[in-house]
Amino acid sequence: MQESSTATTTNGPAKWGMAVDLDRCTGCEACVTACHAENNIPTVGANQAAAGRAMHWIRIERYFEGEFPDVHVKFRPVLCQHCDNAPCEPVCPTYASSHTDEGLNAQVYNRCIGTRYCANACNYNVRFFNWFNPIWEKPLHLQLNPDVSLREVSVMEKCTFCVQRIKEAKIDAKRDARPLADGDVKPACVQSCTANALVFGDLNDPESAVSRLSRSPRGTKLLGDLGTQPKITYLQREG
Amino acid sequence: MSRIAPNQMTDDLLRPLLHTTWKFYAGVAVLGSIVLAGLGAWFYQVYMGLGITGDNWPVFWGFHETNFVFWIGISHAGTLISAILRMVDATWRRPVTRCAEAITAFALMIGALFPLIHLGRPWLAWWLIPYPSERMIWPNFRSPLAWDFFAINTYLTSSLLFLFLPMLPDLAVVRDKTTGLRSKIYGLLSLGWQGTPKQWHRLEMAMHIMAIAIIPIAVSVHTIVSFDFSMAVVPMWHSTIFGPYFVAGAIFSGIAALIIAMALLRKILHLEAYLEPIHFNNLGKLLFTMSLLWGYFVFNERLTTWYGNETHEMAAFWITQTGRYAPLFWTMVFCNFILPFPFLAIRKLRTITGCVIASCGVVVGMWLERFLIIVPSLSTKPITYSWGRYMPQWPEITIMIGSIAAMVLLYVLFSKFVPLISMWEMKVGEHPEVKEAASVAAAQEAGELL
Amino acid sequence: MDRRQFIKLGAATSATATLAGCGNPENQLIRFIPEDDLIPGISVWKPSICPLCSAGCGVLVRIMEGEAEVIRNGQLGLIKMGLAKKLEGNPQHPVNQGKLCVRGQAALQVTYHPDRIANPLKRSGERGSGQFQEISWDDAIAELVSQMNALAAANDQKSLGFLTRPLRGQRQRLVAEFLSRFGAPAALDFEVLGEDVMRRANARSFGYDQLSTFDLAQSRYVLTLGADFLGTWNSPVSQSVGYGEMRQGRPGIRATFVQVEPRMSQTGANADEWVPIKPGTEGVLALGLAHVIMAARLFPAAAAGRAGAQVAGWANGLPAYTPQEVERITGIAAARVERLAREFAEQRPSVAIIGGAPLAHTNGTFNALAVNALNALVGSIGQPGGVYFTPRANVGGAQAGTAQAGRTIDKVAAEILATERSPIQLLMLGEANPVFGTPPAWRVKEALAKIPYIVSFGNFLDETSSLSDLILPDHSFLESWVDDVPESGAMVAVASLAPPAMRPLHQTRAMPDVLLDLGRRLTPAIELPWQNYQAMLQAAFSTLPAPPAPAGEEPADVWRTAQAQGGWWGEVAARPAAAAAQGQAPAAYTEAQFDGAAAEYPYHFLPYASQQFLDGSLAHLPWLQELPDVLTSAMWSSWVEINTQTASQLGIVQGDLVEVGSGQGTLRAPVFVSPAIAPDVIAMPVGQGHETFTRYASGRGANPISILAPVLEAETGSLAWAATRVRVSKVDGDGGLILFGGSLREHSEEHR
Ligand SMILES: Nc1nc2c(c(=O)[nH]1)N[C@H]1C(S)=C(S)[C@@H](COP(=O)(O)OP(=O)(O)OC[C@H]3O[C@@H](n4cnc5c(=O)[nH]c(N)nc54)[C@H](O)[C@@H]3O)O[C@H]1N2
Ligand SMILES: Nc1nc2c(c(=O)[nH]1)N[C@H]1C(S)=C(S)[C@@H](COP(=O)(O)OP(=O)(O)OC[C@H]3O[C@@H](n4cnc5c(=O)[nH]c(N)nc54)[C@H](O)[C@@H]3O)O[C@H]1N2
Ligand code: SF4
Ligand code: SF4
Ligand code: SF4
Ligand code: SF4
Ligand code: SF4
């Protein structure tokens with residue numbers, strides 16, 4: 001289940017993480033659709049969306065603060081935090097939710113028996129369940145990314161940090177006989193982020209962009225006091 | 001204790017087994033249809049996906065899990081009544097034990113189905129069994145769901161034994177009173193019971209050991225069920241009080257269920273002479289104790305949360321106190337505490353009717369309690385953007401009604417095949433000399449062995 | 001075996017056969033020999049251009065081998081072909097620098113949409129009934145040829161009309177050439193939320209009839225009036241990239257951003273300071289700032305040059321726009337006006353951006369001219385951190401605007417309705433949906449009904465194309481040769497170009513090739529110098545200068561390099577500003593006029609381009625329908641935004657159904673109660689409310705344009721779409737608002 005990692009920026013295995021600069025994020029949601037397109041996330045239709053079954057591995061939370069006319073809005077992109085101490089993992093009776101040696105919270109669809117316990121345990125509410133078999137009305141199925149497996153009914157799914165892109169970048173680096181460089185791996189949301197608010201990389205490499213940003217004095221962790229040790233650092237807005 | 005001749009007693013208690021009226025068939029047909037409807041709803045859910053229920057993001061659990069905890073709770077009837085009272089040798093327990101043990105067994109069977117029913121892919125449930133697969137993939141023993149699997153299986157096995165062992169002498173009586181195939185079947189079931197002192201002695205010993213053993217099992221089972229919630233860092237779930245709170249609640253609802261069952265049996269099977277007001281009175285006192293205990297737990301749970309004033313917890317707290325779920329919460333308090341109080345505290349009102357009214361309240365209230373533990377917390381987890389709500393849909397409602405019908409149906413069938421009141425224990429109660437004889441025989445035997 | 005057994009066995013066998021058939025219907029299709037040479041599992045990235053809005057972002061398309069059902073030579077079968085799997089921004093493209101907006105990401109679904117028109121269609125039922133039958137391309141072209149020949153025979157060529165959304169690049173040139181050689185008038189452009197006011201103001205202030213480009217990355221202070229520049233307006237991706245840099249791209253420097261608008265847009269939600277303003281008074285605020293700046297002698301009036309001259313009273317320091325006067329008109333406190341003015345003048349480079357609703361009032365041009373003058377005053381024109389005009393690449397000769405100046409759809413519709421015989425006898429319809437996108441009072445649908453013959457090149461049946469008699473479906477952009485000359489968003493000249501990224505899925509044909517083919521078949525034939533569109537593009541792009549080659553090397557072939565990188569970009573000779581028009585009076589503030597008396601219609605109605613659907617042309621994409629709107633989190637819905645206080649006065653709570661009525665009509669939609677909208681404003685996203693527009697958009701929600709009054713902007717005559725007043729009342733019924741998000745506020749605010 002856990003692949004050995006040869007090509008990484010440091011000698012040891014990578015520890016993938018992300019920094020989200022809330023001062024850059026504009027709430028444009030390009031990341032949301034990019035994630036749908038990259039990861040074969042189904043649309044569920046109006047009725048199911050109304051029943052609370054819409055799936056968005058990454059979402060832009062919006063919070064109003066204050067009252068008219070002194071109103072402010074806070075945007076916050078929320079995706080799986082790939083917690084180092086992930087509450088979704090111990091509760092899964094079949095190891096469908098488990099940790100890889102590169103620090104990803106992996107979701108092994110085939111092992112999932114659909115208890116939904118992990119989703120309850122995850123306080124970030126970033127896990128989504130396939131309440132029905134997903135439908136792609138032909139020929140929308142032609143858009144599906146062959147690098148990402150389809151999920152069937154009663155399987156839990158969530159952000160994978162675009163593991164297929166990590167893998168692809170490693171294969172490319174190996175083919176070219178070079179070490180994986182910072183920035184070689186760009187998850188779909190990061191690639192699309194119009195304001196470059198999302199930065200992805202190896203937290204084990206102290207010089208990677210994500211490591212440097214994670215050390216920013218603006219850095220905070222979402223629900224960090226729960227002890228989940230998220231691998232996403234949110235850089236708070238200035239001003 | 002009423003004075004009923006042993007022969008009369010045997011006739012009374014075997015009557016339901018030997019004479020079948022059309023009412024029985026009608027009852028079984030009606031109940032069976034409801035059970036089938038529930039099963040149909042479940043199959044449909046398996047076929048379609050859980051989308052046909054009201055579960056959603058973020059309220060991933062709803063009625064199915066409520067019913068799971070509810071039925072496992074109900075199953076604690078037998079434990080307390082039978083085991084504890086047996087241990088302390090409370091003689092008034094005698095007509096009550098089997099009714100209680102049967103509730104335990106059936107409620108557990110039904111309760112144990114709900115983890116299966118709630119699964120998205122129930123056909124893979126066997127992955128929870130730790131079998132040595134060629135790829136050495138074991139269940140995750142860190143998961144409370146894996147603990148549930150073992151706890152419930154252990155409890156189910158032991159409570160079936162606990163129900164079955166003291167049935168042996170009565171099954172033997174049926175064997176002797178019937179002929180033909182029936183006699184043969186009861187013969188098999190009674191495992192060759194002849195009533196020899198040695199057999200009596202072993203039965204007594206076994207029951208004693210079982211009674212002691214099953215209490216920690218029962219306590220652990222509902223503690224583990226509570227761990228399904230308290231192990232997750234979910235507001236108002238992550239609480240150390242959940243273990244004892246769940247056990248107390250379980251016993252509470254179990255006694256209530258037992259009182260209702262006894263009252264029904266008394267009426268339907270004309271057991272007025274056996275299930276007497278004193279039994280209800282005593283159970284009512286127990287129920288009252290549990291109601292107070294339950295109130296104490298709820299007060300504790302709420303007070304510490306409120307006083308702690310932790311942001312995330314307060315959301316789940318207020319939504320039950322004054323928010324969307326407040327009507328259900330206050331109904332629960334009424335049913336579990338306010339309604340039972342006069343009927344159970346005031347001796348004059350602690351009649352059979354009074355006890356039944358209180359018990360009905362408690363059963364409803366305890367169901368609500370389970371629901372209120374699960375749903376409000378899930379709908380108000382720490383990230384407010386992801387707050388949601390839950391509305392049950394027809395499948396889980398049908399399955400729930402089906403499960404109630406299944407409970408009644410199992411009881412009806414059981415009463416058809418086994419005397420619902422332990423005849424030999426009643427007789428032991430009537431004729432202490434029998435017991436003495438048995439003890440003497442046992443002593444002799446022990447002497448021989450020595 | 002007896003008879004009953006036999007029947008049972010037979011039934012079982014046929015059931016098995018049916019089941020097997022159900023499971024894999026593909027198995028019965030024949031397999032064609034692959035036409036592409038792709039390695040399975042290996043992706044190739046090909047350039048393209050996003051066609052969904054006028055920003056013209058450069059795209060990279062991930063092509064991988066896949067298996068599609070296609071028709072080849074009339075036979076349905078399976079083919080292994082290169083399929084587009086993902087769209088990403090082209091990192092080399094100067095406009096979007098590797099990024100795409102949410103709509104660009106979803107553009108993939110245009111090609112794979114289940115309701116795409118797959119074949120030429122001929123109307124088979126009543127007009128507008130939506131009944132069509134498939135016909136062959138030969139028959140379809142023959143029919144159109146005979147229609148056009150009839151016009152030519154009757155010497156009535158001028159009654160050929162061409163209605164399209166604004167075209168650019170060689171498509172525009174081809175259509176113009178085709179029409180003029182046939183003898184028809186120039187094409188009629190239609191855009192729901194057009195930008196003519198901004199272009200007119202830029203032409204007056206600076207001599208460029210063009211939208212502005214902003215160098216946000218280097219700005220220190222950005223003041224926006226109404227423009228949703230991070231969401232939908234102008235060149236949103238280019239602007240978002242710049243925005244990120246201006247916030248956190250420079251160590252130690254973080255620009256301040258102030259947004260002035262009566263309803264908080266996605267862009268406004270990012271502002272450090274959000275300033276609600278009385279609708280239609282934005283220009284007054286700009287002049288108020290200019291007044292303070294000039295009065296404080298931070299900059300002299302002369303600094304604004306020509307742009308200042310467009311504003312009445314500028315040379316005298318705008319005495320009519322004192323902070324007190326500005327407060328009276330705009331509702332923004334005088335002290336705040338003073339502070340904003342000082343910040344604007346002192347935290348430079350600063351830039352003011354106006355767009356959207358402020359330009360859609362009757363005094364839109366005035367508002368734009370005022371902001372232009374303000375920018376000019378502080379020296380922000382053509383300077384780092386300020387306003388630029390993207391240089392124009394000269395691709396294939398003249399790029400003059402060929403649409404008929406002043407001829408707008410409302411005038412044409414009125415003309416058609418006023419005459420016995422429609423002046424347009426044959427209408428060619430590009431991708432434009434005026435039936436959905438114009439106020440009912442213009443009676444566009446009625447006018448179209450009077451046109452005897454309509455041929456559409458659309459990909460989808462919408463409210464307008466469903467009125468056609470003949471549909472000649474175009475390829476999707478991924479299946480076509482595409483080219484573009486972005487109007488704004490880049491600091492260098494850009495001419496985007498891309499070959500088809502994949503083979504056509506359906507029996508469609510590229511519109512330019514159809515026109516060329518049509519021309520050859522007409523009597524008399526229209527002789528255009530190109531065999532096909534590719535040849536036209538090649539001829540045009542070959543005229544562009546090749547990038548300077550290292551000494552001793554052949555200069556690169558522009559045509560090839562442009563195809564490989566997705567276009568040509570580079571420096572071109574600066575285009576001189578057009579001379580100022582003579583005799584144009586400087587603009588003075590006149591109060592914006594609104595349709596509907598304030599007593600009867602107490603609220604300003606503010607439609608806005610939606611994050612998902614823009615003007616409604618993207619409502620057919622399921623990814624966008626299910627995208628939670630970033631401010632409301634609404635999916636698959638339309639809604640009206642009402643201020644918290646107003647809602648409680650009206651007894652309305654979140655999700656209630658309301659009726660919004662103007663003098664023109666009513667609509668019903670659920671309410672989103674928002675703290676971020678002025679109490680006298682009702683806002684509503686444009687985009688839903690389609691009667692006919694694929695399975696995903698038809699019959700969903702309400703269309704705010706359907707209650708707009710036909711009020712025009714005074715100078716340009718374009719629709720003043722923010723000039724309608726409405727009333728609101730709660731009605732019975734299910735609002736049906738579908739929200740993704742739960743609470744509007746975080747904990748700290750929930751339980752204060
Ligand atoms: N490193 C690494 N190891 C992996 C995997 C991975 O991704 N990476 N994937 C795993 C998975 S998912 C799988 S399924 C296994 C597959 O592992 P294997 O089953 O070993 O698969 P192959 O090597 O493809 O095929 C086995 C042999 O079958 C022969 N063969 C082909 N056709 C026939 C036939 O008709 N009859 C007979 N008798 N032989 C035939 C082939 O020549 C070949 O020698 O590998 C597993 N191991
Ligand atoms: N050419 C060729 N094709 C073959 C075969 C072959 O031998 N040769 N073998 C066939 C066989 S037997 C098989 S089993 C299939 C296997 O085909 P696939 O199932 O496609 O197998 P992989 O490529 O190993 O893995 C798929 C993707 O899953 C990602 N992944 C890894 N871990 C996780 C996780 O925890 N969560 C999520 N969401 N994703 C994860 C990987 O990065 C990878 O991108 O291929 C079949 N196709
Ligand atoms: S964010 Fe949730 S799903 Fe992701 S690792 Fe943490 S607990 Fe698991
Ligand atoms: S839903 Fe799947 S992944 Fe989650 S706990 Fe259950 S089995 Fe594990
Ligand atoms: S990292 Fe990949 S899977 Fe996760 S949110 Fe971003 S695009 Fe989606
Ligand atoms: S793409 Fe980037 S800027 Fe846009 S919403 Fe996502 S994180 Fe924010
Ligand atoms: S801004 Fe968005 S819709 Fe417009 S061209 Fe760029 S990517 Fe396409």
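Lettering of chains follows the sequences in order, A, B, ..., and the numbering in each one begins at 1. All values below were derived from every heavy atom in this structure, side-chain atoms included, with hydrogens, water molecules and symmetry-related copies excluded.
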**OP:** Give the member of B/Leu124, B/Leu145, B/Asp55 that has the highest number of heavy-atom pairs under 4.5 Å with chain A.
**Re:** B/Asp55
Original post:
For the rings on B/His76 and B/Tyr155, is their centre-to-centre separation under 6.0 Å?
Top reply: yes
Original post:
What is the ring orientation for B/Phe246 with B/His222, classed by angle as parallel under 30°, tilted 30 to 60°, or perpendicular over 60°?
Top reply: tilted
Original post:
Which one of A/Val153, A/Asn123, A/Leu226, A/Val91 has the most heavy-atom pairs closer than 4.5 Å to chain B?
Top reply: A/Asn123
Original post:
Relative to chain A, which segment of B/Trp147 carries a heavy atom at a distance below 4.5 Å: side chain, backbone, both, or neither?
Top reply: neither
**OP:** Please work out which of the three classes, parallel, tilted or perpendicular, describes the rings of B/Trp367 and B/Phe63, given edges at 30° and 60°.
**Re:** perpendicular
Original post:
With a 6.0 Å cut-off on ring centres, are A/His82 and A/Phe161 close enough?
Top reply: yes
Original post:
Does the cation-pi check pass for A/Arg127 over B/Phe60, that is, NZ or CZ under 6.0 Å from the six-membered ring centre and within 45° of its axis?
Top reply: no
Subject >> Contacts with chain B made by residues 29-53 of chain A (heavy-atom distance under 4.5 Å), listed by residue number >> reply: A/Ala51, A/Gly52, A/Arg53
Subject >> Region of A/Leu223 that comes under 4.5 Å of a non-hydrogen atom in chain B >> reply: side chain
Subject >> Audit row: A/Tyr234, A/Gln236, side chain to side chain donor-acceptor pair (under 3.5 Å) steps and yes/no >> reply: CA-CA 6 Å; A/Tyr234 287 87; A/Gln236 293 302 317; over 6 Å; no
Subject >> Atom group of B/Tyr390 that falls short of 4.5 Å from chain A, counting heavy atoms >> reply: neither
Original post:
Tell me, side chain or backbone of B/Asp148 under 4.5 Å from chain A's heavy atoms, or both, or neither?
Top reply: neither
Subject >> Contact class of B/Glu65 relative to chain A, heavy atoms under 4.5 angstrom >> reply: side chain
Original post:
Quick one: what part of A/Cys122 sits under 4.5 Å from any heavy atom of chain B, side chain, backbone, both or neither?
Top reply: backbone
Original post:
Is it the backbone or the side chain of A/Arg59 that comes under 4.5 Å from a heavy atom of chain B, or both, or neither?
Top reply: side chain
Subject >> Least distance between heavy atoms, B/His118 atom then A/Arg116 atom >> reply: O-NH1, 2.8 Å
**OP:** Please check if the distance between the ring centroids of B/Phe227 and B/Phe242 is under 6.0 Å.
**Re:** no
Original post:
Strictly under 6.0 Å, is that where the ring centroids of A/Phe200 and A/Trp16 end up?
Top reply: yes
Original post:
Where do A/Tyr124 and A/Pro230 come nearest, in terms of heavy atoms and distance?
Top reply: OH-CG, 3.5 Å
**OP:** Just give me the residue among B/Pro144, B/Ala232, B/Pro115 that pairs up with chain A most often, heavy atom to heavy atom, under 4.5 Å.
**Re:** B/Pro144
Original post:
Out of A/Thr115, A/Val78, A/Thr94, A/Asn120, which one racks up the most heavy-atom pairs below 4.5 Å with chain B?
Top reply: A/Asn120
**OP:** Taking the six-membered ring for Trp and the single ring otherwise, decide whether the centroids of A/Trp57 and A/Phe128 are under 6.0 Å apart.
**Re:** no
Original post:
What's the shortest heavy-atom distance between A/Ala121 and B/Val234, and which atoms?
Top reply: CA-CG2, 4.5 Å
**OP:** Considering only heavy atoms and a distance below 4.5 Å, find which of B/Pro382, B/Pro58, B/Gly51 pairs most often with chain A.
**Re:** B/Gly51
**OP:** Go through the atoms of B/His238 and report whether side chain, backbone, both or neither lie under 4.5 Å from a heavy atom of chain A.
**Re:** neither
Original post:
With only heavy atoms counted, which part of A/Met55 is less than 4.5 Å from chain B, the side chain, the backbone, both or neither?
Top reply: neither
Subject >> A/Arg62 to A/Phe75 six-membered ring, cation-pi geometry met (6.0 Å, 45°) >> reply: no
